[in-house]
J.: 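Take a look at this one; I'll ask things after.
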Amino acid sequence: MPVLCVNVDHVATLRQARMGIEPEPVTAAYMAELAGAAGIIMHLREDRRHVQDRDIELVRKTCNTRLHFEMAATPEMQSIAMDTDPETVCLVPEKREELTTEGGLNCIDREEELAEFLAPLHEKGIRSSLFIDADTAQIDAAHASGAEFIEIHTGHYADAKDIRERHVELEKILEGIRHARALGLKVNLGHGLNYRNVMAFKNVPGISEYSIGHSIIARSIYVGIDRAVRDMAEIIRTFKD
Ligand code: PXP
């Protein structure tokens, strides 16, 4: 059954707006788990714009489900991942000037480099995922790099300007899922998914996890994090295996 993993980065975004002590991502993570999250996702960016090192340490110590650590493929992040020992790492591209992760990681012609980067993490028992666009060549390269999962970037679908564009982007994702599954990759989806646009995947088989942050944290301002996570977890619980 597909599950919901909740990204709590934007709890930290709110705290960092005042460089203060609240709200605490670790508390949000705990509440998200109580409300049905199957995992907690945090992205420690090189510029530390939202999540801080201590947040990762605290969630690692208190997480009762699984910690998914999103990170750039840098030596610094590799070393933090080795120390933190999350259940999964997800490699993402990072640009300092971007508002959020803008596109998938380029894996083409980097298969060996990525495999080398992931090797010590795999040796430690940490599972790996690569955040990539729904492109068959990228999926082939991700597969060749030895990652167990890919996370297909759903941002282009979520940001589509009209129905036609949305349909085109959705088709790319569906084809990407089929292609990845045929290669034996496990498939997660994430970026820009909300309570409405996620419905397009209701009858799509072969998706392991949905990685959702912004829409849940935004809704939690109105209804509380418990309700916001529960609503999304209930939607995903009805989805096809
Ligand atoms: N997956 C990845 C790899 C991401 O970088 C992000 C955003 O941090 C998400 C999923 C969650 O996206 P959103 O916050 O738009 O739900």
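Start at 1 with the first residue, then count along the sequence. Whatever order the structure lists them in is the order used to number ligands and atoms, beginning at 1.
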J.: Suppose we screen for side-chain hydrogen bond (donor to acceptor under 3.5 Å, both in side chains). Which residues come up paired with Thr13, at least two apart in sequence or across chains?
T.: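 Here the qualifying residues are His10.
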J.: If you have a sec, work out which protein heavy atom is nearest atom 14 (O) of ligand 1 and how many Å separate them, to one decimal?
T.: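 Here the nearest protein heavy atom works out to His214 N, 2.9 Å.
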J.: Can you list the ligand 1 atoms lying under 4.0 Å from a non-hydrogen atom of Val92?
T.: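 What qualifies from ligand 1 is 3 (C).
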J.: Tell me yes or no: between the side chains of His43 and Asp9, is some donor less than 3.5 Å from an acceptor?
T.: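 Absent: no donor and acceptor within the cut-off.
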J.: Under a 3.5 Å cutoff, is there a donor and acceptor pairing between the side chains of Thr65 and Glu33?
T.: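 Checked: Thr65/Glu33 side chains pair up, N/O donor to acceptor below 3.5 Å.
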J.: For atom CZ of Arg48, decide whether the heavy atoms of other residues, nucleotides or ligands shown that lie under 6.0 angstrom number more than 12.
T.: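 Atom CZ in Arg48 is crowded, with more than 12 foreign heavy atoms closer than 6.0 Å.
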J.: Which is closest to atom 16 (O) of ligand 1 by heavy-atom distance: Gly190, Gly213, Cys5, Ala158?
T.: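 That would be Gly213.
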J.: Taking 4.0 angstrom as the limit and counting only heavy atoms of Ile212, give me the atoms of ligand 1 inside it, by number and element.
T.: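 Counting from 1, the qualifying ligand atoms are 16 (O).
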J.: List the closest protein heavy-atom neighbour of atom 7 (C) of ligand 1: residue, atom name, distance to the nearest 0.1 Å.
T.: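 For atom 7 (C) of ligand 1, the nearest protein heavy atom is His191 CD2, 3.7 Å.
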J.: In terms of atom number and element, which parts of ligand 1 are under 4.0 angstrom from non-hydrogen atoms of Asn7?
T.: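 Checking each atom against Asn7, I get 8 (O).
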J.: In terms of residue, atom name and distance, what is the protein heavy atom nearest to atom 11 (C) of ligand 1?
T.: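 It is Ser211 O, 3.9 Å.
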J.: Looking at atom 1 (N) of ligand 1, what's its closest protein heavy atom, distance included?
T.: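 Answer, as residue, atom name and distance: Glu151 OE2, 2.5 Å.
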J.: Using the ring centroid of each side chain, check whether Phe149 and Phe131 are separated by less than 6.0 Å.
T.: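 Centroid distance Phe149-Phe131: not below 6.0 Å, so no.
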J.: Between CD1 of Ile132 and CD of Glu151, what distance do you get to the nearest 0.5 Å?
T.: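 Ile132 atom CD1 to Glu151 atom CD measures 10.0 Å (nearest 0.5 Å).
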J.: Taking both backbone and side-chain atoms of His43, is any N or O found less than 3.5 Å from an N or O belonging to ligand 1?
T.: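 No: no nitrogen or oxygen of His43 is under 3.5 Å from one in ligand 1.
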J.: Please determine whether any non-hydrogen atom of Gly192 lies less than 4.0 Å from an atom of ligand 1.
T.: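 In this structure, Gly192 qualifies as a contact of ligand 1 - some heavy atom is under 4.0 Å.
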J.: Heavy atoms only, cut-off 4.0 Å: how does Glu70 contact ligand 1, side chain, backbone, both, or neither?
T.: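 Under 4.0 Å from ligand 1, Glu70 contributes side-chain atoms alone.
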J.: Hey, is Glu57 close enough to Arg54 for a salt bridge, meaning N to O under 4.0 Å?
T.: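 No salt bridge links Glu57 with Arg54.
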J.: Quick one: do Glu209 and Arg66 make a salt bridge, cutoff under 4.0 Å?
T.: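 Yes, Glu209 and Arg66 are salt-bridged.
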